[in-house]
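Here is the structure we will look at, set down as C-alpha cells.
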There are 2 protein chains.
Amino acid sequence: MLTPERHRKIIEVLGEKQVVTIQELVDATVSSESTIRRDLSQLQKEKKLKRVHGGASLLHQKSEELSVVEKSARNASEKEQIAQFASDFIDKGDCIYLDAGTTTLKMIPFLQDKEVTVVTNAISHLDALNEYEIKTYLIGGLVKSKTKALVGSAALKSLNSYRFDKVFLGINGIHLHAGFTTPDPEEAAVKQLAISLSQKAFVLADHTKFNEASFSKVAELNEAIIITNEVDEEVAYDYQDKTDIRVVTS
Amino acid sequence: MLTPERHRKIIEVLGEKQVVTIQELVDATVSSESTIRRDLSQLQKEKKLKRVHGGASLLHQKSEELSVVEKSARNASEKEQIAQFASDFIDKGDCIYLDAGTTTLKMIPFLQDKEVTVVTNAISHLDALNEYEIKTYLIGGLVKSKTKALVGSAALKSLNSYRFDKVFLGINGIHLHAGFTTPDPEEAAVKQLAISLSQKAFVLADHTKFNEASFSKVAELNEAIIITNEVDEEVAYDYQDKTDIRVVTS
DNA sequence: CATTTTTCAATCAAAAACAATCAAAAATAA
DNA sequence: TTATTTTTGATTGTTTTTGATTGAAAAATG
C-alpha cells in the first residue's frame, strides 16, 4: 500500500472512530507496525491527528479548542506551508525571535512541542502564543497603532538585551541589489537589530516577493536564509550565489 | 482501551449520571481500579470533574449566585467613578504610568483630550488606548499568561528607563501596618518600581480594600495618594496621619 | 467510641508501546 | 543494466502504562 493511500486510510478510519489503535491500523492497511508509527508521526506533524499512547486520536474531537490560527491544516495555504517548513529548523529548547506578520503568526501552532522561548514585538501574536502555552517575552516600545507592533528606540533598546538562536522575519521585498526591504523604516530597524542578535536568521517570503523592493532596507541578502514556497529557474539562477534559498518540500 | 477513549467514556458516563462509582467505571471501560483512579486524578487536575470518596462527580458549574452579576455591575460603576475622579489629577501633556487592572482600564476614556503619553505593563489596556488614540508605550518583559501583564526582571529593566509625572495603580489590600499589598510578588515588584519612578503616585481602590492585606508588599501607605469612593469614619480616623486619602466627589 | 469495611495513595514488577537503528526490499536515477 | 536513494519491516533497548499489592486513611457499622 502506497504512502499517501495509507495516510488517507488512516485519516478515514480515524474520522469514523475518533480513536484508533496502532494494531487496527496495521490490519486495515496491511503494513508493519513501524510503518504505521512513522505515518502517525508524520501526520501528527502535519496537524492532521494527535498521537496517543497506543494509537492516535482526532485532533479536535469535538468542542474544545478550535484555535485562533489553525484552520485545519488539511489544505494548507502557501503561507502555512512556509510557516510549517520554517518551524522544522527550530530545535528543542531554542530561543527564537518571531517578527510581526501573518506568516510568522502561522508558525506558532508548530512551536507547541518544541519547548521554545519566544521573544516578539508583535502584540497580535500574543493570543496564539498564549493559546499554545508558549513562554513569551514581549519587547518594550512604542505601540504602533496600525500594525500593533512595537517600534522605536525603546523597542530597539529593549530588544538589545536578548540574544537568539534563530530569528524568523517576514519581509516585503527581496531584491538582488536592494537586499531585504520593507515599507516601514521603524519596523525595518527592529528587524535589522533582531538579525544581528541571532546566530541564524530566516526570512519567510512567498515567491511574489522576489525582485521587489520597498522603501527601507533591512539587511543584505547574505545575512539571512530565505524560506519560500517556490522559485522559478531564473530567480534560482540569479540568486544562487548571493544568498541561501530553501524551498518548501513535500 | 486507549487513554483518551477511556477519558471520553468517563466524562460521558458522568454527564448522564452526575456521579459515578469507581466500580461502575471499571466495568464500563474494562480496566483496573488503579487505572481508573489515575484517570480520575488526571481529569480532576484538568478540571473536568471532581473526585469524591468512592468515585467522581461533575463539578456544579450551574453557579447559584445571581447576585454576583448585580455585585459586579455595582462594582463596575464604583470603579468607573473612581477612575474618572482619578483622571482629574492628570494635567495636559503628562507622562503617566497605567498599571494593569480593571479600575485603571476604566480611566482610559477620560484621557482622550489630555494629550498624555501612557506607559503601561497591561496588554489588555492596549485596545482601549488605541481606540482613544492615546500615545502608548508598552514596557517589555515576560508575558504572564493568566493576567496578560508584563512582569519579571526584563519588565523592571524596561520600566526603569522611563520617568513619570504620575502613576496610577490598582491594589488589593490597604492596611495600617502592611501598607499597600497585592497577591502576586512579580506584579508587586513592577508596581513598586513604578512608584519610585514617578513624581506622584495614586492608588485606586474601592472601600472594600481597606484593612485588607495580601501576600506581597508594594509600598508604604505614605508613598501614594489613595483614591477611593467612600470611607467610613473609623477608617478616616485611623488612616488620617498615615496617608492621603481622596474620596470621589460628584 | 471502637471496630469493621471500604476506599485510598504509593509502590512495584510485568506488559505494552515506544524511538532508534539497521539491513533488506523497492523505487528511482544514472 | 547498475548505482543510489527511499521505503519498509524486524530488532534492539528504553520508556510508559498497567494492574496487583501494600499499609494508611476515610466512611460505615455496631
Lys/Arg-Asp/Glu bridge criterion (N-O < 4.0 Å) met for A:D91, A:K166: yes
Tell me: CD of B:E24 to C1' of C:dT7, nearest whole Å? 15 Å
Nucleotide C:dC18, atom P - distance to CG of A:L25 in whole Å: 11 Å
Rounded off to whole Å, could you give me the CG-to-P distance for the A:L40 and C:dC18 pair? 8 Å
Classify the side-chain pair A:Q18/A:S57 by whether it contains a donor and acceptor separated by less than 3.5 Å. no
Nearest-angstrom distance from the residue atom NE2 of B:H53 to P of D:dA26: 9 Å
Would you please classify the geometry between the A:F89 ring and the A:F85 ring as parallel, tilted or perpendicular, with 30° and 60° separating the classes? perpendicular
Does the distance from a Lys or Arg side-chain N to an Asp or Glu carboxylate O, for A:K9 and A:E5, drop under 4.0 Å? no
Out of D:dA10, D:dT18, C:dA9, whichever nucleotide has its closest atom nearest the side chain of A:S32: D:dA10
Evaluate the ring planes of A:F202 and A:F168, with Trp represented by its six-membered ring, and classify them as parallel (under 30°), tilted (30 to 60°) or perpendicular (over 60°). parallel
Looking across every strand, which nucleic acid part, if any, lies under 4.0 Å from A:S41 by heavy atom: base, sugar-phosphate, or nothing? nothing
Any idea which of D:dG19, C:dA20, C:dT7 is nearest the A:S34 side chain? C:dA20
Output the rounded distance in Å from CG (B:L2) to P (C:dA16). 14 Å
Between D:dG9 atom P and A:D27 atom CG, what is the distance in whole Å? 13 Å
Is B:R37 close enough to D:dA20 that one of its side-chain N or O atoms is under 4.0 Å from OP1 or OP2 there? no
Nearest to the side chain of A:T35, which nucleotide is it out of D:dG19, C:dC18, D:dT8? D:dT8
Report which part of the nucleic acid B:V26 touches: base, sugar-phosphate, or nothing (heavy-atom distance under 4.0 Å, all strands). nothing
Given the structure, check if the side chain of A:R38 and the base of D:dG9 hold any donor-acceptor pair shorter than 3.5 Å. yes
Nearest whole Å is fine: how far is D:dT17 C1' from B:E33 CD? 17 Å
Separation of D:dT8 P from A:M1 CE (nearest whole Å): 12 Å
